[in-house]
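For reference, the structure discussed in these notes is given below.
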Amino acid sequence: DVVMTQSPLSLPVTLGQPASISCRSSQSLVYSDGNTYLNWFQQRPGQSPRRLIYKVSNRDSGVPDRFSGSGSGTDFTLKISRVEAEDVGVYYCMQGTYWPLTFGGGTKVEIK
Amino acid sequence: QVQLVESGGGLVKPGGSLRLSCETSGFTFSDYYMTWIRQAPGKGLDWVSSISGGGSAIYYADSVKGRFTISRDNAKNSLYLQMNSLRAEDTALYYCAREVRSPRYWGQGTLVTVSS
């Protein structure tokens, strides 16, 4: 199985400051169709997960442009340019390239 | 708009069975893979099973293979998960999601508790 390793586990951030979450996969996530199926999800307290980013760097409609995804191969990053109070929650990366689909363990973003 | 509504969760004894349902609307159901993902209390996300639009391709996590069966009824725009031989470690909030490689839409989840 592809192991997805996220860091840090917890990320205290000052409002208005940037934040960065790392996600590493145990093997390259490039699929045979040329796409890299690396997604980022946000789960606010008490809510269902919400997809923010798909295929590494494509932001979903309605997602603020302060969220961005980057990376390639086995190394990926989610960045929040200026953290707002509504960004509090747990962020997960997920690979959709290989069966079984696997998620990172999550990064909890909180306000300092 | 796309809507996914899960139901069928509840309290069941170890070894028991439950059937989860996911009713959908707002999109052409038969065009999409559908997926079940679960989340144990206070834990992360765990993929359970996926099924292709026509139902011919089915995938399971090793932890549920042989005990859970995913199915769909395209005429009813509904997805199902038959869960047999339930164990304490199956206790979780079960979400249905549209698509598989990049699940875009998720339901609100239905809680399954396995306890004596």
Side-chain angles (χ1 to χ4, degrees), chain A residues 1-7 9-10 21 23 25 29-63 69 76 78 89-108, chain B residues 1-7 9 20 22-24 26-27 32-52 56-68 70 79 92-111:
Chain A
D1 297 3
V2 175
V3 177
M4 305 297 289
T5 304
Q6 279 184 241
S7 61
L9 255 60
S10 175
I21 300 170
C23 176
S25 57
L29 298 185
V30 179
Y31 187 52
S32 55
D33 64 4
N35 289 307
T36 299
Y37 292 97
L38 185 283
N39 311 290
W40 289 98
F41 297 89
Q42 174 196 61
Q43 188 173 32
R44 290 172 171 151
Q47 294 188 12
S48 300
R50 168 198 183 195
R51 195 180 74 179
L52 298 176
I53 302 284
Y54 62 98
K55 289 192 283 186
V56 182
S57 59
N58 296 275
R59 195 168 44 245
D60 273 289
S61 58
V63 174
F76 305 94
L78 176 70
V90 182
Y91 292 76
Y92 297 94
C93 60
M94 173 219 154
Q95 68 82 16
T97 299
Y98 301 101
W99 302 102
L101 312 180
T102 48
F103 291 85
T107 294
K108 187 173 185 177
Chain B
Q1 72 281 24
V2 173
Q3 287 196 315
L4 307 170
V5 179
E6 303 93 337
S7 61
L20 306 185
C22 173
E23 294 185 13
T24 75
F27 64 100
Y32 291 91
Y33 263 85
M34 296 295 295
T35 294
W36 288 99
I37 294 164
R38 66 186 179 183
Q39 185 170 35
K43 301 296 185 184
L45 300 168
D46 187 29
W47 170 75
V48 175
S49 182
S50 297
I51 184 169
S52 61
S56 59
I58 287 175
Y59 303 88
Y60 295 103
D62 283 348
S63 58
V64 307
K65 205 173 292 183
R67 301 187 299 123
F68 290 11
I70 191 172
L79 173 72
L93 189 59
Y94 284 73
Y95 296 102
C96 69
R98 196 188 82 173
E99 297 157 67
V100 56
R101 299 198 183 280
S102 300
R104 171 71 173 93
Y105 297 98
W106 298 54
Q108 84 291 347
T110 186
L111 182 62

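Side chains included, hydrogens not; waters and symmetry mates left out as well; all remaining heavy atoms used. Computed from a prediction, not measured in an experiment: that's the story for all the values here. Letters go in sequence order (proteins before strands), and every chain restarts at 1.
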Requested in this report: Search all heavy atoms of A/Gln6 against all heavy atoms of A/Tyr91 and return the closest pair with its distance.
Outcome: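 The pair with the smallest heavy-atom distance is NE2-O, 2.8 Å.
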Report task. Might you point out which heavy atoms bring A/Phe103 and A/Tyr92 nearest each other, and give the distance in Å? Result ->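 Closest pair (atom of A/Phe103, atom of A/Tyr92, distance): CD2-CB, 4.5 Å.
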Query raised in the report: Can you tell if the side chain of B/Trp36 reaches within under 4.5 Å of the side chain of B/Val64, non-hydrogen atoms only?
Result: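 Side-chain contact under 4.5 Å: no.
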**Report entry** Note, A/Met4 side chain near A/Leu38 side chain (heavy atom, < 4.5 Å)
**Finding:** yes
Query - chain B contact via A/Gln43 - side chain, backbone, both or neither, heavy atoms under 4.5 Å - result: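 Side chain only.
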Requested in this report: Please look at A/Thr97 and chain B and tell me whether the side chain, the backbone, both or neither of the residue comes under 4.5 angstrom of a heavy atom of that chain.
Outcome: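 Contact with chain B: backbone only.
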Query - Toward chain A, the part of B/Ile37 with a non-hydrogen atom under 4.5 Å - result: side chain
Query raised in the report: Where on B/Asp62 is there a heavy atom nearer than 4.5 Å to chain A: the side chain, the backbone, both, or neither?
Result: neither
**Report entry** Side-chain donor or acceptor of A/Thr36 paired with backbone N/O of A/Lys55 under 3.5 Å
**Finding:**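 Between the backbone of A/Lys55 and the side chain of A/Thr36 there is no qualifying donor-acceptor contact (under 3.5 Å).
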Requested in this report: Just jot down the side chain to side chain contact (heavy atoms under 4.5 Å, CB included) partners of B/Val100, sequence neighbours excluded, or say none.
Outcome: A/Trp99, A/Leu101, B/Tyr33, B/Thr35, B/Ser50
Report task. Identify the residues of residues 104-111 of chain B whose heavy atoms come closer than 4.5 Å to a heavy atom of chain A, ordered by number, or report 'none'. Result ->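 So far as heavy atoms go, B/Arg104, B/Trp106, B/Gly107, B/Gln108 are the residues that approach chain A to under 4.5 Å.
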Report summary line: The ring-ring contact (aromatic ring centres under 6.0 Å, His included) partners of A/Tyr37 (sequence neighbours excluded) come to A/Tyr31
Query raised in the report: Listed by chain and number, what are the side chain to side chain donor-acceptor pair (under 3.5 Å) partners of B/Ser102, not counting sequence neighbours?
Result: A/Asn39
